[in-house]
Amino acid sequence: MTKEDPDTVLQQQVQQPAATSSAGPAHGAPGEPEGRARRPRLRRAVLVAAAAGLVLATALVSTASLRDTAPDEPVTREKLPPRTEQIVRGDLVTEVVATGTVKFTGARAVKNHLTGIVTWVPSANSVITQGRRLYSVDDKPVFSLRGDLPAWRAFKRGMPDGEDVRMLEQNLAELGYTGFTVDDEFSGKTEAAVKRWQKNNGLPANGKIELGRVVFTPGSLRIQSADVRAGDPVAPAQDVLEVTGFQHRVSAQIPAKEEDLAVKGATARIELPNGKHVEGTVSSVGAEKTTEDNKKVVPITVRPESSRLLGDVRSADVVVVLRRAEAEDVLFVPVTALLPAQGGGFAVQLVKGGKVTVARVKTGAFADGRVEVTGPGIAEGARVGVPRL
């Protein structure tokens, strides 16, 4: 065997093409050693693995951070609520609203004590003052006079003394028929004054006043309605008119569940059909009862502070509002803004600049669908998320 020159052998090895394995062609580029072709691929694999590990580690750290966030600190949420409302500073007030009806005090019936045919009655809402005609029977007027006692007997000379005589004489004197001393005695001078009064009012001037010709009332009357019409026959003890005084009262029925607001002396607001309102006071509270539609209610009466604005309201429906302050000068949000907080309690979504954070809140007074809230980030004018109802 011939001994080869080492330099020649080395030269042959360098010029010899790369061997082809049975598995296929070499992975490197033509003429490139196999080791150099594999190193860049390995480097890329290591970089991808490292990046994936970093992402996973970041996710785990973020998850741990969210889990360990203190309840009092806002936590970022990505989803915007369907709508928002402002946090408001003001008074939280509980109120109940009911339909009321304007009525007048002193409602009562006027009874007739004559026999005959009604020939005239006053119209509703008209006012009858002292000495004016109240209604007519057989074309003769029945007069309204002032007095605290009802007329209970006829007036004539020689009748027993009495307070009713004093009331008659007082009215005659105030109407301009004088010449006597106002006292309990129906004297000859009283009779003379009565004759002048009768003559001037179309009555027989006989100095006698039959029972039923005058009606004593504490003051002027407002006609609520007439129970008879012209042409109707009347008899003694028959109701002919429904009358009232001039002081307004408003009656209403509030739900029994709101009874705690209906306290005698409580402030009420009376809203009128013309958009104006009158302050009032609850003057009476009735016993709970059940309406025809099976609702439990409590009847109340409200006395307005002034009847001036109610002067033109005639038995019309009004709105009665009872109110009670639950908290003053506080921050509040709609109750629907509250969310259950992690670990108990409540939170709200604070929305600003298209971003949402969840903040734990402490709740206070509730009233009319609103709730008092305090906590980090809770400030007047900030917006909170609420559902779309």
Do the non-hydrogen side-chain atoms of Phe186 and Leu168 ever get within less than 4.5 Å of each other?
yes
Side chain to side chain, Leu172 and Phe180, heavy atoms closer than 4.5 Å
yes
For side-chain contact (heavy atoms from CB on, under 4.5 Å), just list the numbers for Leu134 and Leu221, CA-CA rounded to whole Å, side-chain angles, deciding distance to a tenth of an Å, and then say yes or no.
CA-CA 9 Å; Leu134 192 55; Leu221 298 176; 4.1 Å; yes
What I'd like to find out is whether the side chain of His277 reaches to under 4.5 Å of the side chain of Leu272, using heavy atoms alone.
no
With sequence neighbours left out, what residues match Thr99 under side-chain contact (heavy atoms from CB on, under 4.5 Å)?
Asp317
Sequence neighbours excluded, which residues qualify as salt bridge (charged side-chain N to carboxylate O under 4.0 Å, His left out) partners of Asp164?
Arg153
Looking at Phe366, I'd like to know if its CZ atom is crowded, meaning that more than 12 non-hydrogen atoms belonging to other residues, nucleotides or ligands lie closer than 6.0 Å.
yes
Residue set satisfying side-chain contact (heavy atoms from CB on, under 4.5 Å) with Ser187, at least two apart, ordered chain then number -> Glu185, Lys189, Thr190
Quick one: side chains of residues 294-302, donor-acceptor pairs under 3.5 Å with protein atoms, not counting sequence neighbours, listed by atom name and distance.
residue	atom	partner	partner atom	Å
Thr301	OG1	Ser284	OG	3.1

In chain order, what residues pass the ring-ring contact (aromatic ring centres under 6.0 Å, His included) check against Phe216, with sequence neighbours excluded?
none
For Thr105, all residues meeting side-chain contact (heavy atoms from CB on, under 4.5 Å), sequence neighbours excluded
Gln247, Arg249
In the structure I gave you, are the side-chain heavy atoms of Arg166 and Glu163 within less than 4.5 Å of one another anywhere?
yes
Count I, L, V, M, F, W, Y as connected when their side-chain heavy atoms are under 4.5 Å apart, and connections chain through other members. Are Val373 and Phe332 then in the same cluster?
no
What residues, two or more places apart in sequence or in another chain, satisfy side chain to side chain donor-acceptor pair (under 3.5 Å) together with Asp293?
Thr291
For Glu372, which residues count as a side-chain contact (heavy atoms from CB on, under 4.5 Å) partner, sequence neighbours excluded?
Leu92, Ala327, Val330, Ala365
Residue set satisfying salt bridge (charged side-chain N to carboxylate O under 4.0 Å, His left out) with Lys156, at least two apart, ordered chain then number -> none
Got a donor-acceptor contact below 3.5 angstrom from the Asp91 side chain to the Asp329 backbone?
yes
Residues 377-386, side-chain donor-acceptor partners within the protein, below 3.5 Å, at least two apart:
residue	atom	partner	partner atom	Å
Arg383	NE	Thr84	OG1	2.8
Arg383	NH2	Thr84	O	3.4

How would you list, by chain and number, every residue that makes a salt bridge (charged side-chain N to carboxylate O under 4.0 Å, His left out) with Asp232, sequence neighbours excluded?
none
Determine, step by step, whether Arg108 and Thr217 satisfy the side-chain contact (heavy atoms from CB on, under 4.5 Å) criterion, reporting the C-alpha distance in whole Å, the side-chain angles of both residues, the deciding distance to 0.1 Å, and the verdict.
CA-CA 11 Å; Arg108 67 183 185 90; Thr217 65; 2.8 Å; yes
Establish whether Val285 and Leu322 are linked, either directly or via other cluster members, by ILVMFWY side-chain heavy-atom contacts under 4.5 Å.
yes
Do NZ/NE/NH1/NH2 and the carboxylate oxygens of Glu326 and Arg324 come within less than 4.0 Å?
yes
Is it true that Arg370 and Glu85 make a salt bridge, defined as a side-chain N closer than 4.0 Å to a carboxylate O?
yes
Contacts table for residues 137-151: side-chain donor-acceptor under 3.5 angstrom, sequence neighbours left out:
residue	atom	partner	partner atom	Å
Asp138	OD1	Ile117	N	2.9

Without swapping roles, check the side chain of Arg213 against the backbone of Ala154 for a donor-acceptor pair under 3.5 Å.
no
